[in-house]
Enquirer: 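My structure is below; once you've seen it, I'll send some questions.
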Number of protein chains: 2
Amino acid sequence: MTVTDSSMRGKTILVVEDEKPIRDLLRFSLEREGFQVEAAEDAAAARLSLAEKRPDLVLIDWMMPVTSGLEFARELKAAATFADIPLIMLTARGEEGDKVKGLNTGCDDYVTKPFSTAELVARISAVLRRTVPGGSDERIEFGGIEINVAAQRVEANGQSINLGPTEYRLLHFFTSHPERVYSREQLLDRIWGQNVYIEERTVDVHIRRLRKALAPAGKDNLIQTVRGTGYRFSATPS
Amino acid sequence: MTVTDSSMRGKTILVVEDEKPIRDLLRFSLEREGFQVEAAEDAAAARLSLAEKRPDLVLIDWMMPVTSGLEFARELKAAATFADIPLIMLTARGEEGDKVKGLNTGCDDYVTKPFSTAELVARISAVLRRTVPGGSDERIEFGGIEINVAAQRVEANGQSINLGPTEYRLLHFFTSHPERVYSREQLLDRIWGQNVYIEERTVDVHIRRLRKALAPAGKDNLIQTVRGTGYRFSATPS
DNA sequence: CCCGATTGTCACACCGCTGTCATACTCGCG
DNA sequence: CGCGAGTATGACAGCGGTGTGACAATCGGG
């Protein structure tokens, strides 16, 4: 039984798992579903594969030697280049504390062991479906702000803008989704990750930081507050 | 106890459920929370309601005669017009296969029976919060007033109109339900929410504020007072 | 190990929105 | 024409949403 639909085929999944039997099982199951599978047995190998293949999704085991799955997840989400790659974590059943911590790293879903292959594949499909396809664009421009995605550089009015990782992702999201209102919760979902438990007001703070960074170029007015709803990125002033 | 927040007010939910007792229960519970509820007992009725009302969310029972819930979900997600409407599935407990297939159909969440109303409402709220309004670049136009739902922006005669949250919802409701009289009580129900106790006179005030906002564009005459009854939004002057 | 950068949270100030009231006005009817 | 009910308008106090600066914790690099 193949449960994935056509849009899933050919997607590359990086499996980070130290136990070879499980790794092989995962590879077999996922390849049977039509995915490309990259396997890594530790964090080091995973980093290589990550940079080289740029997978569409990372499946990572919570229990890992040397660098734990949690650490690796944090590392992944901290790197602006890879932060938008969805992440699913494999975790042992019932470890509530672990589960919460795992969620806090910003992973998009988690699957508890023992798991059925069908369920795993289903969750992978669900996460991939949610993911925006436009992840590998070279250059984004909106309202005089130019983002060089590959170099992770931002320019506005010729002057270069220095941003922290979170502000960069925020701006990147806004420039690729302009002229739309987003609630704080939606922004948390799409920029921080789908299962992060963070105060909604934190969004305000990062909005402010981004505004401050854009102010010298006079572009801070592109971020508009929609009272009672959220924020909007727009070229036309309100 | 109402667990929904203001952004949920007036959202329309289509309930597709063949068993009348459950359908009535769902309707009661959801309406108490301030949702608009459309009920359909089979796929055919659901299609009608879907096209006519364009609900904000579809709640569908897995077990359905003739066309199963799964089939209907696939149909929904395949139709370009409706694919962006979020979908929650009701399913019997413990049926692993069902769970997997449900996720794969592209439904945004599922609730296993028996379920608590609180949980159902919580999940509905969560899904609705995630959903971006006006998923398919929805635009409403009436009498020279144009509403960009996604951006939550209003234009009339080319000039942009600035509205507060309540006035925006009021105008949004009017433009999507023109040429029809609504009493103050009806407007309170549909715009403020079903269980809000507010002076009916307050409606007058917001009508006035909306008129004032539309006046610069000369569109304030679209809101007509029907003495002894309520208000009407119409293109033809009285 | 120390230092700067980044991040999430909080407290406080501010201001626009909101609901209500009092008053002025309009309409229909006897 | 006058009356009463219904409606428009302006004002206002309270509330809540938002902006902002500060701070502790954490992270990464030297």
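First the proteins, then the strands, lettered A, B, ... as listed; each starts at 1. All values reported here derive from a predicted model rather than from experimental measurement. As a basis for the values below, the full set of heavy atoms in this structure was taken, side chains included, without hydrogen atoms, waters or symmetry mates.
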Enquirer: Could you work out which one of D:dG21, C:dT9, C:dG8 sits closest to the side chain of A:Thr166?
Expert: C:dG8
Enquirer: What is the distance, rounded to the nearest whole Å, between atom CZ of A:Arg169 and atom P of C:dT7?
Expert: 11 Å
Enquirer: Check every atom of C:dT20, C:dC10, D:dA22 against the side chain of A:Glu199 and return the nucleotide holding the closest atom.
Expert: C:dC10
Enquirer: Does A:Arg201 make a side-chain N or O approach to OP1 or OP2 of C:dT9 shorter than 4.0 Å?
Expert: no
Enquirer: Round to the nearest Å and state the distance from B:Ile207 atom CD1 to C:dT26 atom P.
Expert: 19 Å
Enquirer: Among C:dT6, D:dA8, C:dG8, find the nucleotide with the atom closest to the side chain of A:Pro165.
Expert: C:dT6
Enquirer: Do any N or O atoms from the side chain of A:Arg232 and from the backbone of B:Ala151 form a donor-acceptor pair under 3.5 angstrom?
Expert: yes
Enquirer: Looking at D:dT7, C:dG8, C:dG19, which one has an atom nearest to any side-chain atom of B:Asp204?
Expert: D:dT7
Enquirer: Any salt bridge linking A:Asp204 with A:Arg184? Criterion: basic side-chain nitrogen under 4.0 Å from a carboxylate oxygen.
Expert: yes
Enquirer: Nearest whole Å is fine: how far is C:dT18 P from B:His206 NE2?
Expert: 6 Å
Enquirer: Could you tell me if the ring centre of B:Phe233 sits under 6.0 Å from that of B:Phe142?
Expert: yes
Enquirer: Roughly how many Å is it from CD1 in A:Ile198 to P in C:dT7, rounded to a whole number?
Expert: 11 Å
Enquirer: Does a side-chain N or O from B:Tyr231 land closer than 4.0 Å to OP1 or OP2 of D:dA8, or not?
Expert: yes
Enquirer: Is any side-chain nitrogen or oxygen of A:Trp192 closer than 4.0 Å to OP1 or OP2 of C:dG8?
Expert: yes
Enquirer: Please determine if a side-chain N or O atom of A:Thr225 lies less than 4.0 Å away from the OP1 or OP2 oxygen of D:dT18.
Expert: no
Enquirer: Less than 4.0 angstrom between a side-chain N/O of B:Arg208 and OP1 or OP2 of D:dG10, yes or no?
Expert: yes
Enquirer: Quick check against the 3.5 Å criterion: does A:His172 have a side-chain atom that pairs as donor or acceptor with the backbone of A:Tyr168?
Expert: no
Enquirer: Is A:Arg227 close enough to C:dC15 that one of its side-chain N or O atoms is under 4.0 Å from OP1 or OP2 there?
Expert: no
Enquirer: Is a donor-acceptor pair below 3.5 Å formed from side chain A:Arg184 to base D:dG17, judging by atom type as modelled?
Expert: no
Enquirer: Mark yes or no for a side-chain to base donor-acceptor pair under 3.5 Å between B:Arg209 and D:dG10, with no hydrogen or angle criteria applied.
Expert: no
Enquirer: Only one of B:Arg139, B:Arg153, B:Lys219 clears salt bridge (charged side-chain N to carboxylate O under 4.0 Å, His left out) with B:Glu146; which?
Expert: B:Arg139
